[in-house]
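Written below as structure tokens is the structure these notes are about.
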2 protein chains.
Amino acid sequence: MAKRSNAKVTTHDVAKRAGVSQPTVSLVLSRNPKARVAEGTRERVIQAATELGYRPNLLARGLVRRKSFSLGLIVPDLKDPFFADVASGAERVASDEGFALLLCDRRGNGSLRHIEALRGRQIDGVIIDAAAAAALPAGALDGLDVVLIDQPDGAWPGVASDAESAGRLAAEHLLGLGHRRFAFMGPAADVHTFRMRERGFVKALRAAGLGLEASLLRRGPATVTGGMESMRALNALSAPERPTAVFCANDLMALGAHKQCATQGVRVPADLSLVGCDDIEMARLVTPELTTVSVPAREIGARAARLLVDPRTVGGVATPRSRMLPVKLVVRGSTAPQQAR
Amino acid sequence: MAKRSNAKVTTHDVAKRAGVSQPTVSLVLSRNPKARVAEGTRERVIQAATELGYRPNLLARGLVRRKSFSLGLIVPDLKDPFFADVASGAERVASDEGFALLLCDRRGNGSLRHIEALRGRQIDGVIIDAAAAAALPAGALDGLDVVLIDQPDGAWPGVASDAESAGRLAAEHLLGLGHRRFAFMGPAADVHTFRMRERGFVKALRAAGLGLEASLLRRGPATVTGGMESMRALNALSAPERPTAVFCANDLMALGAHKQCATQGVRVPADLSLVGCDDIEMARLVTPELTTVSVPAREIGARAARLLVDPRTVGGVATPRSRMLPVKLVVRGSTAPQQAR
DNA sequence: CATGTGTGCTAATACGTATTGGCAAGCTGC
DNA sequence: GCAGCTTGCCAATACGTATTAGCACACATG
């Protein structure tokens with residue numbers, strides 16, 4: 001019967017109880033494959049450990065092994081459902097593999113402080129959004145195992161979705177519905193995923209012989225508020241100039257745009273078709289439901305964690321191939337065939 | 001100029017460079033107040049540490065101090081915006097105080113495994129939702145500094161919102177609009193906050209001489225899906241039996257209900273007034289916007305972390321008073337005066 | 001000059017685990 | 001009977017920091 005004792009039990013306590021030395025306990029419990037331990041001894045040690053409720057002190061273990069069995073996760077904003085999903089996926093893998101996940105919400109700020117704190121904790125790797133990584137001073141990540149959320153940048157591997165396809169799928173869907181006058185809204189900031197979504201969208205339009213006028217390219221933060229403001233600007237255009245379909249860099253923007261249309265009496269999808277990207281849970285809660293491109297956010301987090309946890313890829317032994325996960329168009333109610341005006 | 005060296009710099013390295021012994025470095029850098037160090041020595045040590053880019057190894061420090069400067073956070077589901085907010089608040093405080101936040105998403109499961117892992121990491125405290133704590137085997141939290149999210153349970157302090165007032169505010173708002181036929185939807189599970197929201201709601205109805213029939217008390221998980229199903233059941237009632245106003249245990253349910261009404265053509269608020277609870281960001285994105293009771297989720301997380309970080313409250317020296325944070329009714333578009341039928 | 005009194009530093013040790021080298025005992029083979 | 005091997009264990013040490021006890025010195029005091 002395992003005792004749940006309050007006082008901390010060490011390998012020394014176990015050793016005493018089993019009548020062996022401390023190193024022997026360590027040999028048995030750390031399952032060192034090259035350890036030679038008699039079967040009887042092994043059993044006595046395990047028995048004693050169980051009885052005392054021994055639990056290894058990972059700080060001590062980390063100190064000598066130079067490995068802390070913990071990962072850092074730096075996200076731009078945990079309240080963004082996309083990153084909450086990423087975190088959720090990363091936590092799952094980390095936890096399953098015996099790693100702790102140290103959460104850092106940079107809340108839009110720089111992440112140098114977080115990085116330094118993580119270093120002090122001797123983390124085995126860090127998952128960080130590419131925008132944060134790019135904003136760091138040179139060398140800030142030296143010596144760390146890094147996986148980027150978003151495209152790789154040469155120095156570090158990254159896990160991302162196929163953003164260009166996302167844009168293309170949105171465009172092709174809207175083109176197929178007969179739309180000819182498009183707008184795009186997204187941040188100017190240097191986030192690769194957003195750039196690629198835009199590029200994929202624009203390229204598909206070009207392929208159809210269409211373009212995107214400057215006034216129909218709205219720059220703003222990829223947030224609900226950003227979406228509302230961009231949409232307000234579009235709605236302020238004179239009727240012939242107004243787009244009939246809008247692709248938004250992510251669902252938060254799209255939901256903001258959606259809301260703005262509702263507020264201003266612009267009917268979605270009758271007056272305007274709207275496509276988002278990410279497929280966050282909320283996309284199904286608005287009416288009409290948001291057509292969007294589904295991105296496997298949890299899987300992105302999970303894969304990023306797995307790259308850092310997998311002994312075959314850590315330490316650059318085998319440079320992990322970066323991962324580009326497929327996306328899928330999800331047609332819902334916010335898009336409809338272009339109506340004659 | 002601080003060098004960013006890849007190799008780890010220890011106090012020994014700093015000592016050598018400054019021409020002093022390792023303990024002296026430790027005395028200087030740990031800012032031990034009772035340490036007597038000559039000003040010149042102190043400066044040389046700091047200079048050397050800066051030049052070498054010294055950063056303390058928190059594993060080693062934790063080992064000897066018996067303190068890891070890290071907190072565990074166990075949430076039922078990170079994808080629930082309420083808990084994402086709690087996590088965000090807790091992370092902010094932890095980070096500001098030099099603590100790491102070890103994130104555990106129990107994803108609806110038991111949390112014993114997570115607790116054990118956190119113990120091994122010698123965490124200084126754990127923030128856990130009360131439902132998870134209650135589901136743990138006896139003694140599973142012994143010897144830990146615990147703060148519950150949700151009401152305290154005698155053994156541990158908790159940080160929560162004034163849930164009974166939330167229910168009462170919702171009821172009074174609806175009563176003031178002339179409603180007389182109410183429904184409530186919420187989980188049967190033993191989450192104190194949800195029980196108190198329900199109780200506050202029912203008590204306020206009673207005070208007005210009204211009650212809640214069994215058929216108008218819908219049990220279901222506090223999720224979007226749960227809200228949709230409960231709403232479907234309510235909509236299936238014959239017209240005279242149907243409520244004119246519904247209070248939902250949280251916003252996720254309310255949004256599910258909101259969506260279900262849109263799907264079934266029940267007009268909100270003309271046919272049905274809807275009140276949620278939490279005031280998550282999404283509440284403002286649906287049309288009509290959701291009337292709800294605002295709960296300071298981030299503040300809850302922040303306070304919980306502060307209780308565990310504050311030297312005046314840790315270790316039970318001064319048992320921290322539990323905190324009950326005020327809530328506020330936010331009237332939006334999902335509620336309206338009762339119409340004659 | 002002997003005695004006390006701070007001051008500024010260091011030697012030694014502890015924290016709990018992992019690892020290295022080696023010792024003793026039991027074999028094998030000749 | 002001795003060299004050589006294997007097996008099973010342990011002594012010693014390392015990881016990087018914090019802390020305790022105490023040393024050497026200067027200075028003041030009698």
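Bear in mind the structure is a predicted one, so any value in this text is a computation, not a measurement. Quick note on labels: first sequence line is chain A, next is B, and so on, each numbered from 1.
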### Message
Nearest heavy atom decides the nucleotide; on that basis, is A60(B) or T41(B) closer to the 5' end of DNA chain C?
### Response
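Result of the comparison: T41(B).
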
### Task
On DNA chain C, check which nucleotide each of R65(B) and G19(B) is closest to and give me the residue with the more 5' one.
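Of the two residues, G19(B) wins.
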
### Query
Between atom CD1 of I128(B) and atom CG of L144(B), what is the distance when rounded to the nearest 0.5 Å?
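Nearest 0.5 Å value for the CD1-CG distance: 9.5 Å.
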
#### Entry: Pair D13(B) + R17(B), salt bridge at N-O below 4.0 Å
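No, this pair does not count.
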
### Query
With a 4.0 Å cut-off, would you call K79(B) and D105(B) a salt bridge?
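Salt bridge between K79(B) and D105(B), a charged N being under 4.0 Å from a carboxylate O: no.
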
Would you say [X] reaches [N]'s phosphate, i.e. side-chain N/O to OP1/OP2 under 4.0 Å?
X: R66(B); N: dG16(C); answer: yes
X: R36(B); N: dG8(C); answer: no
X: T11(A); N: dG16(C); answer: no
X: T24(A); N: dC10(D); answer: yes
X: S21(A); N: dC10(D); answer: yes

Would you mind reading off the distance between [X] atom [atom1] and [N] atom [atom2], rounded to a whole angstrom?
X: L63(A); N: dG16(C); atom1: CG; atom2: P; answer: 12 Å
X: Y54(B); N: dG16(D); atom1: OH; atom2: P; answer: 10 Å
X: K16(B); N: dT17(D); atom1: NZ; atom2: P; answer: 14 Å
X: K8(B); N: dT17(D); atom1: NZ; atom2: C1'; answer: 15 Å
X: K67(B); N: dT19(D); atom1: NZ; atom2: P; answer: 12 Å
X: N57(B); N: dG16(D); atom1: CG; atom2: C1'; answer: 6 Å
X: L58(B); N: dC15(D); atom1: CG; atom2: C1'; answer: 15 Å
X: L59(A); N: dT17(C); atom1: CG; atom2: P; answer: 10 Å

### Query
Which is true for V25(A) with a 4.0 Å heavy-atom rule: it touches a base, it touches only sugar-phosphate, or it touches nothing?
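Nothing, no nucleic acid heavy atom in range.
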
Nearest to the side chain of [X], which nucleotide is it out of [options]?
X: R61(A); options: dA18(D), dA18(C), dT19(C); result: dA18(C)
X: T10(A); options: dG16(C), dC10(D), dA18(D); result: dG16(C)
X: L27(B); options: dG16(D), dG8(C), dT19(D); result: dT19(D)
X: S26(A); options: dT10(C), dT17(D), dA18(C); result: dA18(C)

### Task
Give the C-alpha distance, both sets of side-chain angles, the deciding distance and a yes or no for salt bridge (Lys or Arg N to Asp or Glu O under 4.0 Å) between D77(B) and R107(B).
CA-CA 5 Å; D77(B) 180 9; R107(B) 212 163 277 108; 5.6 Å; no

### Query
Within the modelled atom types, does a donor on one side and an acceptor on the other bring the side chain of Q22(B) and the base of dA11(C) under 3.5 Å apart?
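Check fails, no donor-acceptor contact within cut-off.
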
### Query
Does the side chain of R121(A) come under 3.5 Å of the side chain of S68(B) through a donor N or O and an acceptor N or O?
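No, because no side-chain N or O of R121(A) sits under 3.5 Å from a partner of the opposite role on S68(B).
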
### Query
Between the side chains of Q47(B) and E43(B), is a donor N or O closer than 3.5 angstrom to an acceptor N or O?
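On atom types as modelled, these side chains do not qualify, holding no pair under 3.5 Å.
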
### Query
When the nearest nucleotide of DNA chain D is assigned to P23(A) and to R44(A) on a heavy-atom basis, which residue is associated with the more 5' position?
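Its nearest nucleotide lies further toward 5', so the answer is R44(A).
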
